[in-house]
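Not measured: the values here are computed from a predicted model. Below, chains carry the letters A, B, ... as their sequence lines are ordered, and counting in each starts from 1.
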2 protein chains.
Amino acid sequence: MADVGAAAGVTSRTVSNVLSGNKPVAPATRDAVMAAVRELGYQMNVTARGLRTGRTGLLTVAVPALRIDYFAELALALVDEAERLGWAVTLQQTQSDRERELAILGGHDRLLSDGLIFQPHALGPADGDLLVSDQPVVLLADHPLHADVDQLVLDNVAIGRAATAHLLGRGRRRVAMVGPNHDPGLSTAGSYRQQGYAEALAEAGLPLRPELVVGAARWTWDGGAQAAQELLASGVEFDGLFCGNDSLALGALHVLQRHGVDVPVDVAVIGVDDTRDAAHSTPALSTVAIDTAGVASRAVGLLVAQIERDDAYAGPTTEVVGHRVVRRSSS
Amino acid sequence: MADVGAAAGVTSRTVSNVLSGNKPVAPATRDAVMAAVRELGYQMNVTARGLRTGRTGLLTVAVPALRIDYFAELALALVDEAERLGWAVTLQQTQSDRERELAILGGHDRLLSDGLIFQPHALGPADGDLLVSDQPVVLLADHPLHADVDQLVLDNVAIGRAATAHLLGRGRRRVAMVGPNHDPGLSTAGSYRQQGYAEALAEAGLPLRPELVVGAARWTWDGGAQAAQELLASGVEFDGLFCGNDSLALGALHVLQRHGVDVPVDVAVIGVDDTRDAAHSTPALSTVAIDTAGVASRAVGLLVAQIERDDAYAGPTTEVVGHRVVRRSSS
DNA sequence: CTGAAAGCGCTTACAG
DNA sequence: CTGAAAGCGCTTACAG
C-alpha cells in the first residue's frame, strides 16, 4: 500500500481512504491512486484489514450435515440472505458429533468470521450452559437451549400434532408414523414430533398403536424407503402415514407405489419441511412447511444486529419458528 | 495472549507455542498455560494469526447459483472434500453476472481466503486473459479459458453426443432435445451439448430437425416442464428426449407422464449430471453422470497443492472431467 | 484534504 | 526449552 502511495505521490493513508471509501479524497488524487493500483496490480491484504478493523465480512454457518436436504436448503437460504446484506458465509458440518458441537459452543474450533449461526443436533437443553463465546451467535434448534443467546426454535410437538391432525382430518383412522430416532446421543426432532403425533391421536380419541410407529436411523430417502418396506412387511393395516421429514416421505411414497398402494386413496402421506422435491413428486407431497426463508432472514438479521451493535437490537430473544400444513395430492 | 502468559508465568511466545503446537513445550509449562487459557476464557484472535502466518484456513468457492442443483451438489462436494483435508469453504454466488465474474477473475471482490475455486458461467474463452490473481486458483469450466491456471473442463460436446447416441442405441429415431440457451451473454454448456446432439444424429445418418429442439432459458424443473409442454403442444412426433440436465429432464418427465405419455415406451428420456433426484424419480432417470466427487477431490487437491507449494505440484494443467452414461428405467 | 506514526494480536528469527 | 523484540499490512486518531 505504501508502494502504491509512492507511485501516486501520496502516503498509504490516502491509498487506504481511496480504497475503503471511508474518507472523501480529492478526485485528482483518487484517480492517481487508482491508476497506481492498476499499474502495480495491487490487491489489498484482506487479513490485515480484518485485524485492524476487527471485521472479516464473514459469517460461519454450522449445521449437522449438508447431505440432509433440510439442512442444505437452510444453509443455502442463509447464504442467500447473508449475500443480500453484503456478507459471505463459511460452511461447517458437525456430522452431529457431540464433541464437535461442544467445541463450537465453547468457542474453540473457531473459524475466521464475525459471527456464528449454529444448528446443534447432539446437544440437550442443559448443554447450553457450555456456550462460552465472545463472538455473536444465533442458535437454531429443535428445542430451546439453556443459554442467554438468540435462539430460533421449532415447535416440533406442534408440528407433529399438525401433521397427524391433518391426516385425521382427511378421515384416516389408522395413522402410522415413520421417523422416531431412539439414538440416545441425538436429541433429534423425531421424539418431539412423535409426541405431537401421540397428542393428536389422543385428542381424536384414537389409540396409540406401537406397531404403527417405525423408527428411522437416518432421515433420508433410503431411510424412508426402508421404513415403508418394514411397515408393509409387518402386515399391519394403516391408511395414513406421517413421516418425520420430506426425504423420508418421498422414499416411503416410492416404495408404497411400487407395492401397488394407491396414494392417497389407500394411504394418505404427509412429510415435514417442504423441501423443493416435495412439490415435484407424483403425487405431489403434502407437508408441514417450515418457513426456511423466514428463519434465514431472521437469523442473519439478528446476527448482523449483534455484530454491528445495532441500537434496535434489544438483547437475546428466543423465538418460535412458524410452520403451516401444505396440502397437496398425497393426502 | 500476553495476559494468559502472565497468568501462567511465561511469555506470549510460549503460549503461542502451546496453542499452535508448532514447537515442543515442557508438559508442566503446557498444563499451566492451558489452565490459564481456561481460567481467563481466552480465545485466540484468528485474524491476527492469519496476518502473521499468511494463512486463513479458508477456501473460496464461487459458482453461478446454489439454486441450480448441479452447482449446489458441486459446492457441497467441495465443502466435504475441503473439510476432509482440514479446510473450510466460503461460498460465493455470481448469479452468472459477467461483471461479477470479471471482478472475481481480476482479484477484486476478494474474500478472506487462501485460494479460489471458480466456476465461471458468463465468460468466454478469451476472458481468461483477464485473470490477474496473486492467489491460488482452480477453474471449473464448460470450455477451456485462455489462462495459465489449473482448469478442470467438461467435454460438453462429448456429453451431448453420448446422451444422444444412447437414445439412438435404444432404437429411437426422432430424438428431441431440450436445453440450448441462446442468450448471447451466457456461454452455457447448452450450445456445446447441442453440438454433440447434432454430431450423434449425423453419425447415425439421421437428419437434424429444428422443430425437435426446444430452448430453455433456465435449466430448472420448471424450465423442463415448460419445454415439454411446448414440445407436446407443437404436435411434433418424437420418441426420444435428451435434456441438457437432470432438472430439466425431471420436469419434462413429469409433464410427459401427466399427458399420458409412457416413459420409456413412447418416449425415452435422458438427462445430464446424475444429481441425487435422478435416481429417485419414477421411472428412475437415465443420465450422463459427471464425476462430481472426482472433480471436487481434484479441484481441492490442486488448490491445496498450490497453496502449500507442494513439490509434487508441477504447474498449471488443464484436465478433462470424466463422464459416463448411466442407464436407468427412463430409457 | 493529507502526512507521520501508533497499534490491531499474533508468530518467529535472534539470543540465551 | 524460554524471553524480548520485530514485523505481518492494514486503519485511524493526532496534527497540520
In residues 3-13 of chain B, what donor-acceptor pairs under 3.5 Å come from side-chain atoms, sequence neighbours left out?
none

Please output the side-chain donor-acceptor pairs of residues 60-74 of chain B that fall under 3.5 Å, not counting sequence neighbours, one pair per line with the distance.
unit_1, atom_1, unit_2, atom_2, d
B:T60, OG1, B:S113, OG, 2.9
B:R67, NE, A:D80, OD2, 3.1
B:R67, NH2, A:D80, OD2, 2.8
B:D69, OD1, A:R276, NH2, 2.7
B:D69, OD2, B:S247, OG, 3.3
B:E73, OE2, B:R276, N, 2.9

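The structure places CE of A:M1 at 10.5 Å from OG1 of A:T14, a figure rounded to the nearest 0.5 Å.
Going from the C1' atom of D:dT12 to that of D:dG16 covers 16 Å, rounded to whole Å.
Neither OP1 nor OP2 of D:dG9 sits under 4.0 Å from any side-chain N or O of A:Y42.
The nearest whole Å value for the distance from the CE atom in B:M1 to the P atom in D:dG3 is 14 Å. Rounded to whole angstrom, the span from the CG atom of A:L112 across to the P atom of D:dC8 amounts to 20 Å.
Note on B:D134 versus B:R110: salt bridge recorded, some NZ/NE/NH1/NH2 to OD/OE distance being below 4.0 Å. Ionic pairing of B:R98 and B:E101 is not present here: no N-O contact between side-chain nitrogen and carboxylate oxygen is shorter than 4.0 angstrom.
Between A:L303 and A:G115, the closest heavy-atom pair is CD2-C, 3.8 Å. Across all their heavy atoms, B:D150 and B:T317 have their closest contact at OD1-N, 2.9 Å. The two residues A:Q92 and A:I104 make their nearest non-hydrogen contact at OE1-CD1, 4.1 Å.
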Intra- and interstrand pairs of DNA chain D - dot-bracket, Watson-Crick/G-U under 3.5 Å, | marks other strand: |||.||||||||.|||
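Of the residues in residues 43-54 of chain B, those lying under 4.0 Å from DNA chain D by heavy-atom distance are B:L51, B:R52. Within residues 9-28 of chain B, the residues approached by DNA chain D to less than 4.0 Å at the level of any non-hydrogen atom are B:G9, B:V10, B:T11, B:R13, B:T14, B:P24, B:V25, B:A26, in residue-number order.
B:V304 is listed as a side-chain neighbour of B:W87, based on a closest heavy-atom distance under 4.5 Å.
Qualifying side-chain hydrogen bond (donor to acceptor under 3.5 Å, both in side chains) partners for B:N156, counting only residues two or more places apart in sequence or in other chains: B:D142, B:R193.
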